[in-house]
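In this chain, residues are counted from 1 in sequence order.
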Amino acid sequence: KIYWKNNLIDLMIICDNCLADVQGAIAIVNRNESVNNLEVNDRIVKLKELHEIEVQHSKLFQAIARERIRRRAKEWSIRTLDSYRLGIKNENDEKIKKQIELEKNLEIEKNQQLIQSYKTKALVTNEKWINKENSISEIKLNDMYDYSMLKYHNEYNMSDNQLLPKREHPYSWKLEQYDADGIPIAPEAAAKRFGTSDYVIENNFKQLNIWKIEAIN
């Protein structure tokens, strides 16, 4: 174990420069020992021991270096994998967000089209009822006008034999039912004008022709 200011040093996480300093410090720990005063055989043994210690230290630091590389490779692999997963997640989230936004825009466009369709139908219906109301109002006004004209029409209160001698058709013996302004001056025409019955102009050509033939013969 290696301590620095009473703190245990983790050789796996310190920087490369710090690890080199530690390695250098360990390598010279035993080099300060004096071997010159030893006998030749003891000196040789001592030097072999120091060499063995340095070899063991070297192997130790090589193992530490490999482990550091392995851990860093593992750490960067984990970071890369996390970044990749995060990128995939962000990409999927973006796709989901765009899909939701697209569906939202389509729904808004659909609702706008539906609202526009309702507006168009409402305008058409409104115009239809306005025209209908105007038509009814026009009919009512015409009825009121004609009805008011009838009250001041001299011929309206006359009997048929008092009307002007003008027939409704060249081949009819009925007198004219309307005046020059189109105001009904007879009960039958008035009934038709105000919608209580249908009035058809009579054409007595056939009957007149029969009478003509009988008169000649």
Side-chain angles (χ1 to χ4, degrees), residues 78-217:
I78 294 174
R79 289 183 181 180
T80 303
L81 181 59
D82 290 341
S83 298
Y84 173 75
R85 289 175 177 174
L86 180 60
I88 293 297
K89 181 179 180 300
N90 292 337
E91 184 178 356
N92 292 334
D93 292 343
E94 187 67 21
K95 288 181 179 178
I96 294 174
K97 181 180 178 181
K98 288 184 178 180
Q99 183 65 26
I100 294 175
E101 185 176 359
L102 177 62
E103 293 177 356
K104 182 178 179 181
N105 292 334
L106 290 176
E107 186 68 20
I108 292 175
E109 184 178 358
K110 180 180 179 181
N111 292 335
Q112 289 178 348
Q113 292 178 354
L114 187 61
I115 292 173
Q116 185 63 34
S117 176
Y118 288 156
K119 287 182 178 179
T120 303
K121 291 181 179 178
L123 290 174
V124 172
T125 304
N126 189 42
E127 184 178 0
K128 175 183 177 181
W129 283 109
I130 289 175
N131 294 336
K132 186 69 174 179
E133 184 177 358
N134 291 338
S135 177
I136 294 174
S137 299
E138 183 178 0
I139 293 174
K140 288 183 178 180
L141 290 174
N142 291 335
D143 290 346
M144 294 173 62
Y145 174 79
D146 290 347
Y147 182 72
S148 63
M149 292 298 293
L150 287 175
K151 292 183 177 181
Y152 300 98
H153 205 290
N154 294 329
E155 291 83 359
Y156 183 76
N157 294 322
M158 295 181 179
S159 60
D160 290 345
N161 56 2
Q162 292 178 319
L163 292 175
L164 295 176
K166 182 179 180 181
R167 299 187 180 276
E168 64 178 1
H169 190 275
Y171 297 104
S172 175
W173 45 75
K174 283 189 177 182
L175 298 179
E176 182 67 57
Q177 302 287 317
Y178 300 90
D179 64 2
D181 298 326
I183 303 299
I185 54 177
E188 294 178 356
K192 178 187 176 183
R193 170 63 185 82
F194 296 104
T196 58
S197 64
D198 294 332
Y199 179 76
V200 180
I201 297 177
E202 292 184 359
N203 187 341
N204 305 115
F205 176 76
K206 292 182 179 180
Q207 185 64 36
L208 292 174
N209 194 33
I210 293 172
W211 290 350
K212 178 181 179 180
I213 293 172
E214 291 178 351
I216 294 175
N217 294 332

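Separating the CH2 atom in W129 from the CD1 atom in I136 is a distance of 7.5 Å, to the nearest 0.5 Å. Interatomic distance, T80 OG1 to L86 CG, rounded to the nearest 0.5 Å: 12.5 Å.
Ion pairing between K97 and D93 fails under the 4.0 Å rule for side-chain N and carboxylate O.
A distance-only check finds no donor-acceptor pair linking the side chain of S135 to the backbone of N131 [under 3.5 Å]. Between the side chain of S117 and the backbone N or O of Q113 there is no donor-acceptor pair closer than 3.5 Å.
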Please walk me through it: do I115 and K119 pass side chain to side chain contact (heavy atoms under 4.5 Å, CB included)?
CA-CA 6 Å; I115 292 173; K119 287 182 178 179; 3.7 Å; yes
The test is side chain to side chain contact (heavy atoms under 4.5 Å, CB included); show your working for I88 and R85 and say whether it passes.
CA-CA 5 Å; I88 293 297; R85 289 175 177 174; 5.7 Å; no
For residues 103-110, run the donor-acceptor check on the side chains, cut-off 3.5 Å, and write out each pair with its distance to 0.1 Å, sequence neighbours left out.
unit_1, atom_1, unit_2, atom_2, d
E103, OE2, Q99, NE2, 3.2
N105, ND2, E101, O, 3.2

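For K206, the side-chain hydrogen bond (donor to acceptor under 3.5 Å, both in side chains) test picks out no residue, with sequence neighbours left out.
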